[in-house]
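Remarks on the structure that follows.
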Number of protein chains: 2
Amino acid sequence: MATPTGQRRGRPPRISRAEILAVARRIVDEEGVDRLTMRRLAKDVGSTPMALYHHVRDKDELLVLLLDEYAARALRRPELPADPRERVVAAAAAIREALAGQEWVAQVLTADDLMARSALWFTEQIVDGLVECGLTPERAVHGYRAIWYYTAGELLVRAASARRRAGDDRATYRERVFADLDPEELPRLAAVGDRWARLTAEDTYLDGLRALVDGLVG
Amino acid sequence: MATPTGQRRGRPPRISRAEILAVARRIVDEEGVDRLTMRRLAKDVGSTPMALYHHVRDKDELLVLLLDEYAARALRRPELPADPRERVVAAAAAIREALAGQEWVAQVLTADDLMARSALWFTEQIVDGLVECGLTPERAVHGYRAIWYYTAGELLVRAASARRRAGDDRATYRERVFADLDPEELPRLAAVGDRWARLTAEDTYLDGLRALVDGLVG
DNA sequence: ACCTGAACACCGTTCAAGT
DNA sequence: ACCTGAACACCGTTCAAGT
């Protein structure tokens, strides 16, 4: 709060929300989101845990702010195709592109959902593209929602398997299950057998997205 | 380990893995997965935290076991339609039906993925249905994968919004954003405006699933 | 073989006080 | 207004010892 003369009152701030977020981002990037604790963050900022609570409400808000800021930076608006169906595909793919690979994003994502004003432009493109394909505005919103479910699911499931690969040992469990399936009971899976791991590791996001969009626009 | 005469050696067990899982399940059902801690669980089992580590490797394994057991119980195999496309839809819907509403499942799901032998029958039905629709086995597996992304995404995103509704206050944030959108910049979203919350709260899982399956089988 | 007690190395957050 | 210190009420897991 400023006084009528423009002076600030009380003790001047030593740390800012922006500084807190920058340091948090560095910890997350270098050591993973699990290592981001309020105590550790305070230490790296050169302050105390409780000082942080003057700038963010709690740890949850910190994570959401982190995601919003990342989205604002990473979601550069691309040139989109003129064809409405291709525009929908390209907008969804751009969101996924920006969020994939950032392992920590998936873990925060479940705490927020379509995040930040910065993502709304993409939402607009998708809804608009679907309307131009002939859907009513209501069905276009539902279509956007389906696309978001698919995209978020891909991000979350893939992040989970990446984490599991890091922790080993359960990957071999799945391989064991698929290696000795009963071909009587589960013939298709038994036939795929050892190719399962390779097949599900392939990046088929775009194929699935196109199928979904094709199905949505009829 | 049994001796050649069938006797067990060493101190007889006081608690079993089955008992641990049953108590864990009760805690999760009654108070939520966040309240399930090794210490709390030990207390309810009438033992000590470290005794648990003789029956499960760590907390992660406990959660996966819990999910596997729940899936085995909840995934009753339904009568499936003869038409292959409808069979794919029905099998996916059955998985989703069993897992939806169980709020804790979503939080564990990101730590596992297609869970347990008990789910493989459904996977088989989906892959088989897609093959009968004319897809190659490889494309059928990719198709299954897309359906799983969509289904897991729906479960996780909806569970996240349910949690947020419980915690309030940020729901109003989204409403505020949507209430004063710039109609110049985001005309479609501005037009939907206050109907956004209602529209995205609707259960349109089946519509999206059908669209995806339609798109997959061409 | 199975269980216990004590300890290690942490958490997020509140409260009361200081400048 | 902003920050600090001490404390509260917890965590998961390891280690050494007991029966």
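Throughout, a chain's letter reflects where its sequence line sits, starting with A, and its residues are numbered from 1. These numbers come from a predicted model, not from an experiment.
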(message) I need a per-nucleotide contact map over nucleotides 7-12 of chain D, read 5' to 3'. Cutoff is protein heavy atoms under 4.0 Å; write B for the base, S for backbone only, - otherwise.
(response) B---BB

(message) I want to check something: taking the side chain as every heavy atom from C-beta on, are A:V192 and B:E138 in contact at a cut-off of under 4.5 Å?
(response) no

(message) Just so I know, are the side chains of B:V56 and B:L21 near enough to count as touching, which here means a heavy-atom distance under 4.5 Å?
(response) no

(message) Let's see if you get this right: which residues in residues 21-34 of chain B place a heavy atom under 4.0 Å from DNA chain C?
(response) none

At a cut-off of 3.5 Å, list every protein nitrogen or oxygen paired with a nitrogen or oxygen from nucleotides 3-5 of chain C, distance to 0.1 Å.
unit_1, atom_1, unit_2, atom_2, d
C:dC3, OP1, B:R14, N, 2.4
C:dC3, OP1, B:I15, N, 3.0
C:dC3, OP2, B:H55, NE2, 2.7
C:dT4, OP2, B:S47, OG, 2.8
C:dT4, OP2, B:T48, N, 3.4
C:dT4, OP2, B:T48, OG1, 3.1

(message) Whether the side chain of A:Y70 engages the backbone of A:A98 through a donor-acceptor N/O pair (distance < 3.5 Å, no angle test) should be reported.
(response) yes

(request) Kindly check if the number of other-residue, nucleotide or ligand heavy atoms within 6.0 Å of CD (A:E30) is above 12? (result) yes

(request) Would you confirm whether the ring centroid of B:Y144 sits within less than 6.0 angstrom of the ring centroid of A:W196? (result) yes

(message) If we ignore hydrogens and angles and just use 3.5 Å, is the side chain of B:Y150 paired with the main-chain N or O of B:Y205 as donor and acceptor?
(response) yes

(request) Quickly work out the A:L62 CG to C:dT13 P distance and round it to whole Å. (result) 10 Å

(message) Atom CD of residue position B:E97 - does it have more than 12 heavy atoms of other residues, nucleotides or ligands inside 6.0 Å?
(response) no

(request) Please list, chain by chain and in numerical order, all residues satisfying side chain to side chain contact (heavy atoms under 4.5 Å, CB included) with B:R139, sequence neighbours excluded. (result) B:L135, B:T136

(message) Using a strict threshold of under 4.0 Å (side-chain N to carboxylate O), is an ion pair present between A:D128 and A:R87?
(response) yes

(request) Give each stem of DNA chain D as a range with a range, requiring at least 3 consecutive Watson-Crick or G-U wobble pairs whose two distances are under 3.5 Å. (result) C:4-8 with D:12-16, C:12-16 with D:4-8

(request) List in chain and number order the residues that pass salt bridge (charged side-chain N to carboxylate O under 4.0 Å, His left out) with A:R73, two or more places apart in sequence or in another chain; answer none if no residue qualifies. (result) A:E69

(message) So that I can tick it off, tell me whether B:E202 and A:R145 are bridged by a salt bridge, with the cut-off set at under 4.0 angstrom between side-chain N and carboxylate O.
(response) no

(request) Give a yes or no on whether B:R14 atom CZ has more than 12 heavy-atom contacts from other residues, nucleotides or ligands under 6.0 Å away. (result) no

